[in-house]
Amino acid sequence: DFGPSFDTEKARAFINDPVDFEFDTVRNDITRNVTDAILKDFEATEDVTAFYFMQTLDWKGFRFISGLRHEKTENTFTNNQIDLRSENLPAAISFALPVLWKTLIEREEFGPESFINVVTSERSYDHWLPAFHVIKNFSENTIVRASFTKTIARPKFTDLVPREIPSIDGAFIGNSVDLANFDLAPTVSKNFDLSFDQYFKTFGAFGINFFYKKLDGPIYEESRTFEPGRGLATELSQKFTASGRDEVTWQTNRIANAGQGEILGLELSLARKFDFLPRPLDAMGIDFNATFVDSSVELPLEERLGEIVPLFKQSDFLANLSVYYEKKNFLIRASMVWRGGYLDKVLAGQDDIDSLTLPPEGSERGTGLGLPANSLDTFVGGFFKLDIRAEYRFRNFITVFFEGTNLNNQPLRKFFGNDSRLHTIQYTKPIFFVGVKVTR
């Protein structure tokens with residue numbers, strides 16, 4: 001329905017006689033499942049060994065809590081690497097095209113070892129993580145807290161596996177590849193927090209929290225273009241193209257650590273039950289919180305060295321509002337979520353940067369567009385989402401519930417630089433759940 005179909009007979013003829021057959025290149029999913037099985041399959045283990053010391057001291061209405069934690073993290077990965085020009089390939093095949101992968105794996109005289117190598121990699125790192133908290137109860141209903149902590153955010157397994165994943169264009173390898181970064185380090189954060197919470201017997205609860213985070217090595221994704229003869233283009237062409245000639249412009253994506261970053265924020269929260277209203281409205285209530293954030297991070301890219309951008313995947317505004325009605329065994333809740341836009345991916349590559357930032361053709365300095373370097377960075381737009389949940393409990397252990405998410409069919413928008421240059425727009429439509437939960 002959406003493109004050329006796969007010609008099975010031609011594929012069989014090509015596999016049986018790859019030397020003399022002329023294959024018609026079409027865009028299809030000829031080997032997508034095999035590609036996933038070969039390149040995206042991996043085994044990962046993570047062992048975290050930790051010990052900590054904690055001490056609590058109460059003095060003149062203050063509570064002091066101090067601690068020190070040490071963590072050692074060890075990772076082991078086992079994954080596949082492809083060798084498209086392996087000496088183990090049959091004599092008639094000088095380059096293992098993706099269209100042949102499935103056949104090479106299944107035929108006993110060749111087997112997967114003809115072009116697949118199983119590799120195992122190991123890495124480890126450790127951190128000392130101190131923490132210090134001060135809590136003061138000015139009254140039974142008024143609490144002030146201050147704290148300093150040092151924490152880490154480990155990379156995802158899928159970002160650590162040392163593998164290269166090229167795109168597949170029909171029967172052939174395309175011109176884009178996801179590069180590995182086995183040296184990807186955890187993000188280290190030094191956190192300072194100051195919070196005030198007030199509880200009211202007839203009002204509910206109100207809270208305000210100031211926070212500051214000093215970051216080292218936030219994780220981000222960079223997109224880079226290599227023209228023929230520059231950077232990794234020669235190496236990638238020799239490895240992933242049938243001819244091996246450096247004639248291809250390569251697009252690469254890589255997960256990496258940025259430089260120093262900061263987050264400064266304010267969080268407000270409010271919980272209120274409307275028990276002052278007449279029945280049956282006294283069963284209504286609200287829960288609300290909002291966060292305002294100012295963030296920055298320094299790019300380590302050679303082409304944009306020292307440039308300051310917003311922290312990756314960090315919105316400058318987030319808010320949640322829930323309006324509910326809860327009476328005996330019945331609950332219905334409508335939840336609204338607001339989230340501001342954020343930076344998703346950063347453009348790198350000297351040719352791309354020059355084409356954007358240099359003055360337009362005809363000027364004395366260059367032939368570019370005269371635009372800022374972040375004009376092709378990928379951003380995710382802000383959104384508002386509406387969810388609902390209703391439930392009724394029978395006999396204290398049977399609950400019937402209904403959930404609806406994204407009732408307003410809010411799309412996910414991505415754009416380059418600003419919302420006038422749309423990258424993609426994705427609609428998921430509402431999702432509904434109906435179920436029964438039994439607890440004994």
Side-chain angles (χ1 to χ4, degrees), residues 2-4 6 11 14 18 22-40 79-86 89 93-102 104 115-117 158-159 161-181 220-256 301-304 344-356 368-369 373 375-378 414 416-417 421-424:
F2 301 101
F6 176 54
F14 173 70
E22 295 184 3
F23 196 90
D24 296 329
T25 305
V26 295
R27 300 179 65 89
N28 53 51
D29 295 334
I30 185 171
T31 55
R32 179 165 295 176
N33 292 336
V34 181
T35 304
D36 287 350
I38 294 173
L39 295 178
K40 297 183 180 180
N79 60 283
N80 298 319
Q81 290 182 348
I82 57 175
D83 185 0
L84 302 179
R85 289 186 170 81
S86 172
L89 291 173
I93 303 175
S94 60
F95 185 81
L97 293 169
V99 73
L100 292 175
W101 291 359
K102 189 173 188 298
L104 292 173
F115 73 106
I116 298 175
N117 299 314
T158 50
D159 294 336
V161 182
R163 58 186 179 176
E164 295 175 333
I165 304 178
S167 63
I168 303 300
D169 184 3
F172 300 89
I173 291 181
N175 65 338
S176 66
V177 59
D178 293 337
L179 298 177
N181 186 0
Y220 74 105
E221 182 177 357
E222 64 179 37
S223 176
R224 187 184 296 268
T225 300
F226 293 103
E227 300 287 343
R230 302 186 67 172
L232 290 176
T234 302
E235 178 184 337
L236 294 173
S237 294
Q238 291 175 348
K239 183 172 185 177
F240 291 120
T241 63
S243 67
R245 294 191 293 270
D246 188 10
E247 301 173 342
V248 178
T249 297
W250 287 92
Q251 180 72 42
T252 64
N253 293 291
R254 179 173 175 266
I255 306 297
L301 301 170
E302 179 181 352
E303 307 90 343
R304 301 172 63 176
D344 185 54
K345 186 188 298 186
V346 172
L347 177 73
Q350 193 62 57
D351 290 331
D352 289 330
I353 299 300
D354 287 347
S355 67
L356 287 173
L369 298 174
S375 297
L376 290 181
D377 289 350
T378 305
K414 292 187 177 182
F416 293 116
R421 293 189 288 270
L422 187 64
H423 176 284
T424 55

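Small disclaimer: the values here were computed from a predicted structure and weren't measured. Only heavy atoms go into these numbers, but all of them, side chains included; no hydrogens, no water, no symmetry mates.
- The backbone N or O of Arg254 lies less than 3.5 Å from no partner atom in the side chain of Arg224, so there is not a single donor-acceptor pair.
- Residues satisfying the ring pair (Phe, Tyr, Trp, His ring centres under 6.0 Å) test with Phe226, not counting sequence neighbours, are none.
- Here Lys345 pairs with Glu221, Ser223, Asn253, Thr378 under the side-chain contact (heavy atoms from CB on, under 4.5 Å) rule; sequence neighbours left out.
- Legend: residues meeting ring pair (Phe, Tyr, Trp, His ring centres under 6.0 Å) with Phe416, ordered by chain and number and at least two apart, are His423.
- Applying the side-chain hydrogen bond (donor to acceptor under 3.5 Å, both in side chains) criterion to Ser167, with sequence neighbours excluded, gives Ser176.
- Applying the side-chain hydrogen bond (donor to acceptor under 3.5 Å, both in side chains) criterion to Thr225, with sequence neighbours excluded, gives Gln251, Asp352.
- Among Ile38, Leu179, Asp178, the single residue meeting the side-chain contact (heavy atoms from CB on, under 4.5 Å) criterion with Ile165 is Asp178.
- In this structure Gln81 satisfies the side-chain contact (heavy atoms from CB on, under 4.5 Å) test together with Asn79, Val119, sequence neighbours excluded.
- Put simply, the side chain of Thr252 reaches to within 4.5 Å of the side chain of Leu236, judged on heavy atoms.
- Leu232 places none of its side-chain heavy atoms less than 4.5 Å from the side chain of Trp250.
- Judged as a side-chain hydrogen bond (donor to acceptor under 3.5 Å, both in side chains), and not counting sequence neighbours, the contacts of Glu247 are Arg245.
- Ala233 approaches Glu227 most closely through the heavy-atom pair CB-O, 3.2 Å.
- Side-chain contact between Phe95 and Leu100 is absent, with no heavy atoms from C-beta onward closer than 4.5 Å.
- Looking at Leu39 and Ile82, their side chains come closer than 4.5 Å, going by heavy atoms from C-beta outward.
- With sequence neighbours left out, Ser94 forms a side-chain contact (heavy atoms from CB on, under 4.5 Å) with no residue at all.
- Atom CD1 of Ile168 and atom CG of Leu97 lie 10.0 Å apart (nearest 0.5 Å).
- For the pair Asn181 (side chain) and Ile255 (backbone), a donor-acceptor distance under 3.5 Å is present.
- For Arg163, there are no salt bridge (Lys or Arg N to Asp or Glu O under 4.0 Å) partners, not counting sequence neighbours.
- To the nearest 0.5 Å, atoms CG (Leu89) and CZ (Phe115) are separated by 8.0 Å.
- Applying the salt bridge (Lys or Arg N to Asp or Glu O under 4.0 Å) criterion to Asp344, with sequence neighbours excluded, gives Lys313, Lys414.
- Judged as a salt bridge (Lys or Arg N to Asp or Glu O under 4.0 Å), and not counting sequence neighbours, the contacts of Arg230 are Asp351.
- With sequence neighbours excluded, the residues forming a side-chain hydrogen bond (donor to acceptor under 3.5 Å, both in side chains) with Asp246 are Thr234, listed by chain and number.
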